[in-house]
Amino acid sequence: MLTKRQIVDFLEEKDEVVIEALFRQADQVRKKYVGDAVHLRGLIEFSNYCKRDCLYCGLRRSNENVVRYRMTIPEIFNTALEARNLGLQTVVLQSGEDPHFTIDDLCSLVRSIKTDIGFAVTLSIGERTYEDYKRLKDAGADRYLLRFETTDPVLFKKLKPDSVYEKRFRCLEWLAELGYQVGSGIMVGLPGQTMESIADDVLKFKEIDLDMVGLGPYISHPNTPLQGSENGTLDMVLRVTALTRIVTKNAHMPATTATGTIDAEGRQKALQCGANVLMPNSTPRKYREHYLIYLDKICIDEEPHKCRFCVESMVIGLGRTISSDAGHSLKSASC
Ligand code: SAM
Ligand code: SF4
Ligand code: FES
């Protein structure tokens with residue numbers, strides 16, 4: 001197990017030979033613990049309304065330049081159906097924190113996707129009550145993604161002024177307790193983030209024994225208070241990816257869209273130093289340009305089938321295979 005000091009040293013390392021060796025080691029750990037198959041999860045961004053005001057995010061409620069949309073429940077269901085027709089086996093339903101959707105609506109959606117389509121369902125809809133999480137689990141939801149964004153409580157408070165640090169972690173505890181496969185993660189390169197706090201983040205992934213860890217660069221958005229701040233770098237995202245793989249061993253780790261946004265080869269590189277999941281965008285094309293959490297997001301002009309086959313060729317190009325199963329957690333407690 002790496003210590004905090006060792007992780008900081010790798011994050012600050014100047015010698016490329018050492019970093020190349022780190023990436024190789026992460027790739028070997030990935031191969032040993034999660035194999036060569038890459039899991040595909042179709043991402044449906046079903047609403048860009050958000051009641052929160054996170055400083056980094058283009059969907060924050062104070063951004064009046066966003067054209068807001070919300071898909072209807074039948075529309076979301078049909079989009080999931082289309083994802084099945086494209087050979088996917090699981091969807092991630094993501095949105096801003098949109099109070100418009102009642103828990104009854106969401107439960108019936110989850111139930112119909114589970115029973116009529118047979119998909120594994122992942123939710124990424126932010127902070128909710130214990131009761132809501134329980135009802136969604138009872139309706140059949142399998143997994144939940146809720147990034148804690150940073151373990152630094154001061155930075156968290158600054159960047160998420162209307163969220164409570166302890167509540168975010170409490171939500172992650174509730175989700176695990178309720179039997180969800182739990183994913184969390186961070187943005188790398190947040191303004192004010194230190195190498196020490198990233199090292200704490202990596203150790204936190206292990207401590208809370210996550211089933212999934214999502215990492216991507218922070219990318220600035222012009223209509224936010226952080227406009228003009230520097231983006232996270234690919235180099236740093238790859239280092240954190242490699243260190244997370246080495247520390248967590250068998251967590252599922254996506255090569256994220258944000259990583260593909262800062263570098264055309266970003267996702268391929270992430271897959272070569274620890275990542276084992278891709279999330280092709282399955283959102284109908286007409287909505288994509290409005291789900292701009294950051295600037296220059298990729299896949300805005302593509303249809304779902306284009307992204308589906310694009311990621312497949314990416315995987316084949318790396319000599320890897322597409323997983324033939326739903327890609328459930330590899331942690332013993334959830335299996
Ligand atoms: N609203 C839910 C939440 O915040 O958990 C889910 C949707 S939110 C758009 C999903 C993730 O987008 C966040 O957890 C955050 O890490 C990421 N994100 C937001 N703004 C970003 C930015 N400017 N650059 C990179 N990632 C960003
Ligand atoms: Fe809303 Fe999530 Fe964006 Fe924060 S990160 S403003 S909660 S969509
Ligand atoms: Fe969307 Fe490549 S994944 S075009």
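Note that ligands are numbered from 1 as they come in the structure, with each ligand's atoms numbered from 1 the same way. Here the structure is a predicted model, which is why all the values come from computation and not from measurement.
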Residue, atom name and distance, where the atom is the protein heavy atom closest to atom 8 (S) of ligand 2: Gly96 CA, 3.6 Å
Contacting atoms of ligand 3, where contact means under 4.0 angstrom from a heavy atom of Cys299: 1 (Fe), 3 (S), 4 (S)
Whether Phe148 and Phe205 hold their rings parallel, tilted or perpendicular, with breakpoints at 30° and 60°: tilted
Parallel, tilted or perpendicular, as decided by the 30° and 60° cut-offs, for the rings of Tyr287 and Tyr69: parallel
Residue, atom name and distance, where the atom is the protein heavy atom closest to atom 4 (Fe) of ligand 2: Cys54 SG, 2.3 Å
Residues forming a side-chain contact (heavy atoms from CB on, under 4.5 Å) with Cys107, sequence neighbours excluded: Ile103, Arg111, Arg135, Leu136, Ala139
Arg267 touching ligand 3 at heavy-atom level, < 4.0 angstrom: yes
Any donor-acceptor N or O pair under 3.5 Å, side chains Thr150, Asp152: no
Arg70 to Tyr49, cation-pi by 6.0 Å centre distance and 45° axis angle: yes
Ion pair check, Asp27 and Lys32, cut-off under 4.0 Å: no
Residue Tyr56 vicinity, atoms of ligand 2 by number, heavy atom under 4.0 Å: 5 (S)
Heavy atom of the protein closest to atom 7 (S) of ligand 2 (residue, atom name, distance): Cys50 SG, 3.6 Å
Side-chain donor-acceptor contact under 3.5 Å, Thr102 with Asp105: yes
Atom 2 (Fe) of ligand 2 within contact range, any protein heavy atom under 4.0 Å: no
What short N/O contacts, under 3.5 Å, does ligand 1 make with the protein, listed by atom pair and distance?
{"from": "ligand 1", "atom 1": "1 (N)", "to": "Ser95", "atom 2": "O", "distance (Å)": "3.1"}
{"from": "ligand 1", "atom 1": "5 (O)", "to": "Arg168", "atom 2": "NH2", "distance (Å)": "3.1"}
{"from": "ligand 1", "atom 1": "14 (O)", "to": "Glu149", "atom 2": "OE2", "distance (Å)": "2.6"}
{"from": "ligand 1", "atom 1": "16 (O)", "to": "Arg147", "atom 2": "NH1", "distance (Å)": "2.9"}
{"from": "ligand 1", "atom 1": "16 (O)", "to": "Glu149", "atom 2": "OE1", "distance (Å)": "2.7"}
{"from": "ligand 1", "atom 1": "16 (O)", "to": "Glu149", "atom 2": "OE2", "distance (Å)": "3.4"}
{"from": "ligand 1", "atom 1": "23 (N)", "to": "Tyr56", "atom 2": "O", "distance (Å)": "2.8"}
{"from": "ligand 1", "atom 1": "23 (N)", "to": "Ile219", "atom 2": "O", "distance (Å)": "2.7"}
{"from": "ligand 1", "atom 1": "24 (N)", "to": "Ile219", "atom 2": "N", "distance (Å)": "3.1"}
{"from": "ligand 1", "atom 1": "24 (N)", "to": "Ile219", "atom 2": "O", "distance (Å)": "3.4"}

Residue, atom name and distance, where the atom is the protein heavy atom closest to atom 2 (Fe) of ligand 3: Cys310 SG, 2.2 Å
Under-4.0 Å salt bridge between Glu131 and Lys134: no
Non-hydrogen side-chain atoms of Gln193 and Ile198 separated by less than 4.5 Å: yes
